[in-house]
Every structure is written in structure tokens, then in C-alpha cells.
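Note on naming: letters A, B, ... go to the chains in the order of the sequence lines (proteins, then strands), and numbering restarts at 1 for each one.
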2 protein chains.
Amino acid sequence: MRGAETRTEIVRTADRLFYEGGFEHTSFADIAGAVKIARGNFYYHFRSKDEILDAVIARRMQATQTLLAQWENDNPTPRARLSAFVRILEVNGDKIMRYGCPVGSLATELSKLAHAARAAAVGLFDVFVGWLAEQFRALGCADAEALALHLLMRSQGVAMLATAYRDPQFVAREMAAMEDWIDGVVPADSATP
Amino acid sequence: MRGAETRTEIVRTADRLFYEGGFEHTSFADIAGAVKIARGNFYYHFRSKDEILDAVIARRMQATQTLLAQWENDNPTPRARLSAFVRILEVNGDKIMRYGCPVGSLATELSKLAHAARAAAVGLFDVFVGWLAEQFRALGCADAEALALHLLMRSQGVAMLATAYRDPQFVAREMAAMEDWIDGVVPADSATP
DNA sequence: GTCTATATCTCGATAGAC
DNA sequence: GTCTATCGAGATATAGAC
């Protein structure tokens, strides 16, 4: 494995383990075991654990933008794109029920730790908010930003209780309620451009 | 300080530190420093860190039931009691913005750790759900349980984004939206018993 | 019931051979 | 670029004096 590939593999594995077990709980030994490299080798690629965290957040940022571009590509209308956002609760349902939302749980952990990377982690929320607001704006909604925050808020609330209760029926019911809410706030003439 | 008082003080301090810094991040040294006792003295009162966690959860359960009884005492009508629930987002606003919701963040952390106490922590949610459902039932709502879960879900979502964005205006706006939602689902004749 | 002292382990991080 | 060996700090937990 070449150097750049090793680095990528470290970040990819750390991303998964930080999500599944939490940032602080995940040790270098855990990552080294999963990547199958020696612990000491980390410090050729990263100077500290915090640097790995920065790389993980940057990786997630990249992955999020790729995901949003995919949603735009798969769904021609802004309304369908909002549904794509709602459906992540179902698409990632199993992982959310065990580990929560990767963005929300990381932001909360870093907030408790008063960690310097907290703002960067919250930046992942910003990307979603900006994208959602764009869709609401395209649908002719006033206060698109507030609507975006409201939808994200509901997604976070559902994810939290999904982690607590692990009840797919609850998630399905709340997803349907989110769709109904979207239909209620979108101006009626927005379907006829 | 007598033995029982020391135990109570340990649990009270651990409760706060587990909330503010997370369960795993909080060390015995942290608690000992705050309580001003020697580290070794812990093991007279508790056999392990997990036992302290059990005691903290039991303490929170007790505190929650006391809080709900207080809300019932302060608010004669079920509608006003629901508002009392909504207002915790404002009453505990500063702590939520820094540390998240104590119930949600603990449940998520224990879920990531696959910790045995996860179910007990989720039990704190149960108490809120049961109490909220009781209020909706008293107001003549069908599906009181689903309405209770929906309100709790929204409270959790707002708490999560409050931790991320630390924006009191967002919290106030969503609290108002929660009140509007309650007024929308409560049968109109429920105000005239 | 509380203390000091310490055992044992694991953590993040470093040094240096190859 | 990857390895082994190891450091010092801090973690949980134990032993035993008082």
C-alpha cells in the first residue's frame, strides 16, 4: 500500500470508528487494528489525533457535497429533492438506530469536550441547511432558511428517538409527517412552473 | 461528612460531570476533585464506574418524576402542562446549547458504547413519553402516544440544533411552532370540560 | 469511612532501525 | 513509508494504614 493510500485508508477507517464508537472512545490501537498497520506509523501521516479528526470532518464534508450533487442529479424537482433528504432516515436507518446521526452525535460530543473542531463539525449542518434552503427557495417559499432549519431539526429529532427506541414504525410515521408538512408549506402553484 | 452524604454527593457531582463532559470522558479524578475526596474512597461506595452510572440514571429518574409532579402542581390544565414541557428548551437553554439534552446525549453515547445501561437511560425518555401521552389523552386526543413521541421528537431536534448553532432565536421560533402544533392537534372542545 | 500508596493497564505520542 | 520499542501521563481498580 502506497503512502497516500494508507493515509486515505486511515481517514476512511477513523471516519467509521469515530461514528460507531465516538471520537474520544476510538483509540489509535482501534484504528491501527482495523487498517492493519503499526500504531507508530500514524505519526508519519498525522501529527496528532486532532489532525485525524480534521481529516475525517473534511472527508465527511466532501462526501456530503457528493451526496447532495447525487440527489440533485437523481431528482429533477426541488420537491423530490426534499424527499430524498427525508429518506436518509430510512436509507441509513440501521446505522442511525445503533449510532445516531453522524453529524449530530459528533457535534454534541465535540461540544461537550469544548473541542476546537466543533465549529468545523457544525459546518456539516450548514451544508445541509444551505442545500435545503435552496430547494425551498426554488419552490417559492418565503423564509426558506427557517424552513430548512425546521426540516433538519425534525430529521435530527427523529434520528435521536430512532437511536433510543429503534422502532422503524416510528421512523416511518414521522417521515410521512415530514412529507405532509413539506406539502403544507410549499405554495400550491409551485408544481406548475 | 457522613457516609450516605458522601455517596449522595458523588452521585450528584457525577450526574453533572457526565452531562457536561460525557460519561466516558469523565474520570474518577474529575469527580474526586469536585467532591474533594480521595480517589480510593470511591470504592467504598461503588464497586465500579458502571455502578456510579447506574446510580446517576436512578437519580435522574427520580429527579424527572419530581419535575413532572411539579409541572402538574404548577399547571392545572393538561394544555398548560404541555407548555411547561416545551419551555424546558428555554429554561435549560444555556446548558442545552453547551451540552445538549442530558437524556438524548447520554442515550446516544451509551448506544455507541453498546453499554448495558443503555436501556435504563432510554427509560428516562419513557417517563416523558408516558407523561406527555397522559396530557394528550386528557385533552381528548386519539393516538396520544404518537403525539407524545412527536412532541418529544421535536424537543430533541430543537435541542440538537440548539447545541450546534447556539441560536436562542431559532429555539424561540421552534418553541412557538411547537405551541401552534399542539393547538392544531388538540380537539377544539377540549377547552370546555 | 476516609486516606495514601500502588498495581496494572491503555492512552497519545516519540525515537530510531530498516 | 513502515516497523518495533518505549516514553510519560492518566485511566480504573486494589491494598492496607488509620
Side-chain angles (χ1 to χ4, degrees), chain A residues 1-59 106 109-110 112-118 120-121, chain B residues 1-57 59 106 109-110 112-118 121:
Chain A
M1 191 155 49
R2 287 174 51 213
E5 292 172 12
T6 300
R7 195 198 135 98
T8 303
E9 191 60 21
I10 288 172
V11 177
R12 205 166 64 88
T13 303
D15 188 352
R16 179 174 61 82
L17 294 181
F18 286 178
Y19 174 37
E20 294 177 356
F23 165 65
E24 209 175 21
H25 174 256
T26 302
S27 69
F28 281 15
D30 294 331
I31 306 172
V35 180
K36 296 193 215 308
I37 57 169
R39 278 192 299 280
N41 195 5
F42 277 104
Y43 294 88
Y44 173 78
H45 300 280
F46 302 96
R47 264 174 298 176
S48 69
K49 194 179 178 184
D50 284 351
E51 267 196 13
I52 299 184
L53 176 61
D54 291 340
V56 165
I57 292 173
R59 179 192 150 87
L106 181 63
E109 181 180 1
L110 297 183
K112 280 181 195 280
L113 299 177
H115 195 286
R118 188 192 85 90
Chain B
M1 191 155 49
R2 286 175 52 212
E5 290 173 12
T6 300
R7 196 198 134 97
T8 301
E9 191 61 19
I10 289 173
V11 176
R12 204 166 67 88
T13 303
D15 188 353
R16 180 174 61 84
L17 294 181
F18 286 177
Y19 174 39
E20 294 176 356
F23 166 65
E24 209 175 21
H25 175 255
T26 301
S27 69
F28 281 13
D30 293 332
I31 306 172
V35 180
K36 298 193 214 310
I37 57 169
R39 278 193 301 280
N41 195 6
F42 277 104
Y43 295 87
Y44 174 78
H45 300 280
F46 301 96
R47 262 173 300 175
S48 69
K49 195 179 177 185
D50 285 351
E51 268 196 13
I52 298 185
L53 176 60
D54 291 340
V56 165
I57 292 173
R59 181 193 146 87
L106 181 63
E109 181 180 2
L110 297 184
K112 281 180 195 283
L113 299 178
H115 195 287
R118 188 192 85 90

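Summarising the geometry, the separation between CZ on B/F42 and P on D/dA11 is reported as 12 Å, rounded to the nearest angstrom. Taking atom CD1 of A/I31 as the reference point, atom P of C/dT10 lies 17 Å away to the nearest angstrom. Rounded to whole Å, the distance from NE2 on B/H25 to P on C/dC11 is 15 Å. We find that CD of B/E24 is positioned 12 Å from C1' of C/dT10, with the value rounded to whole Å. For the pair A/D30 CG and C/dT10 P, the interatomic distance rounds to 11 Å; values are reported in whole Å.
Within residues 10-19 of chain A, no residue approaches DNA chain D, by heavy-atom distance under 4.0 Å.
Partners of A/F46 by ring-ring contact (aromatic ring centres under 6.0 Å, His included), not counting sequence neighbours: none found. With sequence neighbours excluded, the residues satisfying side chain to side chain contact (heavy atoms under 4.5 Å, CB included) with B/E24 are A/H25, B/E109, B/L113. By the ring-ring contact (aromatic ring centres under 6.0 Å, His included) test, B/H115 is found to be paired with B/F23, residues two or more places apart in sequence or in another chain being considered. Residues meeting the side-chain hydrogen bond (donor to acceptor under 3.5 Å, both in side chains) test with A/D30, sequence neighbours left out: A/S27. The side chain to side chain contact (heavy atoms under 4.5 Å, CB included) search around B/A114 returns none, not counting sequence neighbours. Shown here are the side chain to side chain contact (heavy atoms under 4.5 Å, CB included) partners of B/S48, two or more places apart in sequence or in another chain: B/D50, B/E51. The side chain to side chain contact (heavy atoms under 4.5 Å, CB included) check on B/N41 picks up B/I37, B/Y44, B/H45, with sequence neighbours excluded.
Residue B/S27 has a polar side-chain atom (N or O) positioned under 4.0 Å from OP1 or OP2 of D/dA11. OP1 or OP2 of D/dT2 has at least one side-chain nitrogen or oxygen of A/H45 nearer than 4.0 Å.
How far CD1 of A/I52 is from CG of A/D15: 12.0 Å, rounded to the nearest 0.5 Å.
The closest side-chain heavy-atom distance from B/F18 to B/L53 is below 4.5 Å.
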Sugar-phosphate or base contact per nucleotide [nucleotides 13-18 of chain C; S, B, -; heavy atom under 4.0 Å]: BB----

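Relative to the side chain of B/T6, the nucleotides C/dC3, D/dC3, C/dT2 differ in distance, and C/dT2 lies closest.
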